[in-house]
Amino acid sequence: MGQPKILCVVGPTACGKTTLGILLAKKFSGEVVGVDSMQIYRGMAIGTAAPSEAEMDGVPHHMVGVADPGEQWSAARFVQAADDCIQDILKRNKLPVLAGGTGLYLDAIVAGRAFAPGSSGGAVRRALERELEERGMEPLLEELARVDPESAGRLHPADVKRILRALEVYRETGQTISRHNRVSREMPGKYDPLYIGLAFRDREDMRTLIDRRVDAMMAAGLPEEVRALAAAAPGDATALQAIGYKELLPALEGRTSLEAAVEEIKLRSRQYAKRQLTWLRRNPAIHWIYWEKERNFAWALQIATEIITAQGLQ
RNA sequence: GGGAGCGUUCCCGAGUGGCCAAAGGGGGCAGACUGUAAAUCUGUUGUCGACGACUUCGGUGGUUCGAAUCCACCCGCUCCCA
């Protein structure tokens with residue numbers, strides 16, 4: 001394969017992607033590209049566990065804390081911007097180290113995948129949403145079945161988001177999203193990725209770590225961060241969908257207790273981690289490193305180095 | 001001390017004679033995922049040698065062809081009066 005090699009550190013939340021990514025970047029003269037839909041925003045360092053200047057340890061980071069929380073980013077926009085960073089890193093003969101938890105974004109970057117043509121969230125989308133509200137799902141499902149039977153067959157009738165998107169693509173471009181997806185799936189990847197996966201052998205240990213981390217976030221001033229973010233971003237901002245923020249807001253408004261909110265954050269984090277694992281599990285190329293009880297980065301760095309050496313990254 | 005009520009599957013909570021292994025929600029587990037993805041959607045969730053069988057609805061005993069549902073007593077909890 002002639003594609004440029006990149007290193008990808010993946011895994012569920014709280015398993016140490018950030019730390020290992022930095023260690024590997026240091027060791028292999030790389031630069032970190034964060035692949036995280038929420039760490040992109042400024043002012044969310046605590047809640048998204050973004051690395052501090054000290055933790056970065058001199059390793060250049062990209063795509064972390066670079067966007068205004070009021071902005072609406074999207075997968076397509078993210079992939080485009082991240083790819084620019086990667087190209088730039090490669091041009092300087094450094095190793096791109098992608099570290100992040102947003103599976104869709106990472107896969108799209110590695111594949112060099114363009115999302116379906118046309119825009120999203122524009123007039124067509126608004127029209128679809130209006131139709132949905134006025135006439136319900138039936139007519140839209142019928143339209144999809146007529147126009148893009150493949151998508152109609154694949155999508156669950158309750159999957160409103162994806163059904164609207166499929167219709168949006170068709171109405172805007174005259175092409176079906178299923179065809180676009182099929183074609184793009186067959187394209188060769190843009191990069192030659194080496195995946196290092198980090199996970200806990202025992203789910204209970206992951207839970208312990210998540211709980212501990214949430215407590216640490218609270219101690220580090222997450223409530224203040226949430227308050228500031230809420231003041232800086234509109235209520236429908238993507239940034240406010242982040243775990244930690246949407247749970248803490250009701251507590252800050254006195255509508256629920258702080259303790260309840262913290263429990264909610266822990267719960268939602270666990271569920272998020274589980275979904276991340278589901279996503280990752282279908283990628284057979286990942287070289288997994290499993291934590292036994294506690295995280296031990298010196299050990300993980302050692303294993304990762306062995307994997308990298310064996311696979312020949314350099 | 002007197003009175004009213006409650007105890008259901010991991011949790012909350014329906015169910016008041018057969019259609020109940022027991023609604024619904026939560027949680028768990030599993031899956032999906034191509035422009036909001038830390039989002040969204042789906043399946044599953046008593047046990048087993050599983051188109052059937054077995055155990056379960058605080059406990060024990062009873063009524064009945066048949067009980068989570070009716071009766072008696074017991075245990076535990078809640079509330080009210082005093």
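Naming convention: chains lettered A, B, ... in sequence-line order (proteins, then strands); numbering from 1 in each chain.
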#### Entry: Atom-pair distance (CD on A/E263; C1' on B/C12), nearest Å
17 Å

### Task
Identify which nucleotide among B/U36, B/U42, B/G35 has an atom closest to any side-chain atom of A/A158, counting heavy atoms from C-beta outward.
B/U42

### Query
Which whole number of Å gives the distance between the C1' atom of B/C11 and that of B/G2?
35 Å

### Query
How would you label the contact of A/G118 with the nucleic acid (heavy atoms, under 4.0 Å): base, sugar-phosphate, or nothing?
base

### Message
Once you apply a heavy-atom cut-off of 4.0 Å, does A/G103 come out as touching a base, just sugar-phosphate, or nothing?
### Response
nothing

#### Entry: Listed nucleotide nearest any side-chain atom of A/K246, set B/A38, B/G35, B/A37
B/A38

#### Entry: Rounded distance (Å) that lies between atom P of B/A39 and atom CE of A/M38
7 Å

### Query
Taking CD1 from A/I210 and P from B/A38, how many angstroms apart are they, rounded to a whole number?
14 Å

#### Entry: G-U wobble or Watson-Crick pairing nucleotide for B/U55 (cut-off 3.5 Å, both distances)
none

### Between A/W279 and A/D107, a side-chain donor and acceptor under 3.5 Å
yes

### Message
Distance check needed: B/U40 P versus A/D236 CG, whole Å only.
### Response
14 Å

### Message
Just to be sure I understand the rule, does A/Q72 reach a base, reach only the sugar-phosphate, or reach nothing, if contact means heavy atoms closer than 4.0 Å?
### Response
nothing

#### Entry: Min side-chain heavy-atom separation A/V160-A/L132 under 4.5 Å
yes

### Query
In the 5'-to-3' direction, what one-character label does each nucleotide of nucleotides 27-33 of chain B receive under the scheme B = base within less than 4.0 Å of a protein heavy atom, S = sugar-phosphate only, - = no such atom?
SSBBBBB

### Query
Any side-chain N or O of A/Y105 under 4.0 Å from OP1/OP2 of B/A37?
yes

### Task
Would you mind reading off the distance between A/Y272 atom OH and B/A39 atom C1', rounded to a whole angstrom?
10 Å

### Task
For B/U60 versus B/U55, give the span between their P atoms, rounded off to a whole number of Å.
14 Å

### Query
Side chains of A/R213 and A/T13: do they bring a donor and an acceptor to under 3.5 Å?
yes

### Message
In whole Å, I'd like the distance from the CD atom of A/Q39 to the P atom of B/A38.
### Response
11 Å

### Task
Give the C-alpha distance, both sets of side-chain angles, the deciding distance and a yes or no for ring-ring contact (aromatic ring centres under 6.0 Å, His included) between A/W73 and A/Y105.
CA-CA 12 Å; A/W73 276 65; A/Y105 291 10; 9.2 Å; no

### Query
Does any donor atom in the side chain of A/E225 or A/Y245 lie under 3.5 Å from an acceptor atom in the other side chain?
yes

### Query
Taking the same atom, C1', in B/G18 and in B/U69, what whole-Å distance lies between them?
11 Å

### Task
May I ask you to say whether A/E150 pairs ionically with A/R182, meaning some side-chain N is under 4.0 Å from a carboxylate O?
yes

### Task
Identify whether the distance between the nearest side-chain nitrogen and carboxylate oxygen of A/D148 and A/R179 falls below 4.0 Å.
no

### Query
Which part of the nucleic acid does A/A108 contact within heavy-atom distance under 4.0 Å: base, sugar-phosphate only, or nothing?
nothing

### Query
For A/S120 and A/R125, what are the C-alpha separation, side-chain angles and deciding distance, and is it a side chain to side chain contact (heavy atoms under 4.5 Å, CB included)?
CA-CA 7 Å; A/S120 176; A/R125 179 60 142 265; 3.7 Å; yes

### Query
What is the nucleic acid contact for A/S184, judged by heavy atoms within less than 4.0 Å: base, sugar-phosphate only, or nothing?
base

### Summary
Atom CG of A/L155 and atom P of B/U42 are separated, to the nearest Å, by 12 Å

### Task
Check every strand shown and say whether A/D107 touches a base, only sugar-phosphate, or nothing at a heavy-atom separation below 4.0 Å.
nothing

### Task
Indicate whether the side chain of A/Y191 and that of A/D83 have a donor and an acceptor atom separated by less than 3.5 Å.
yes

### Task
With heavy atoms under 4.0 Å as the rule, sort A/I177 into base, sugar-phosphate or nothing.
sugar-phosphate

### Query
When we call it a touch if two heavy atoms are under 4.0 Å apart, what does A/T13 touch: a base, just sugar-phosphate, or nothing?
nothing

#### Entry: Integer-rounded Å distance: B/U34 P and A/N181 CG
6 Å

### Message
Does B/U36 have OP1 or OP2 under 4.0 Å away from a side-chain N or O of A/S37?
### Response
no

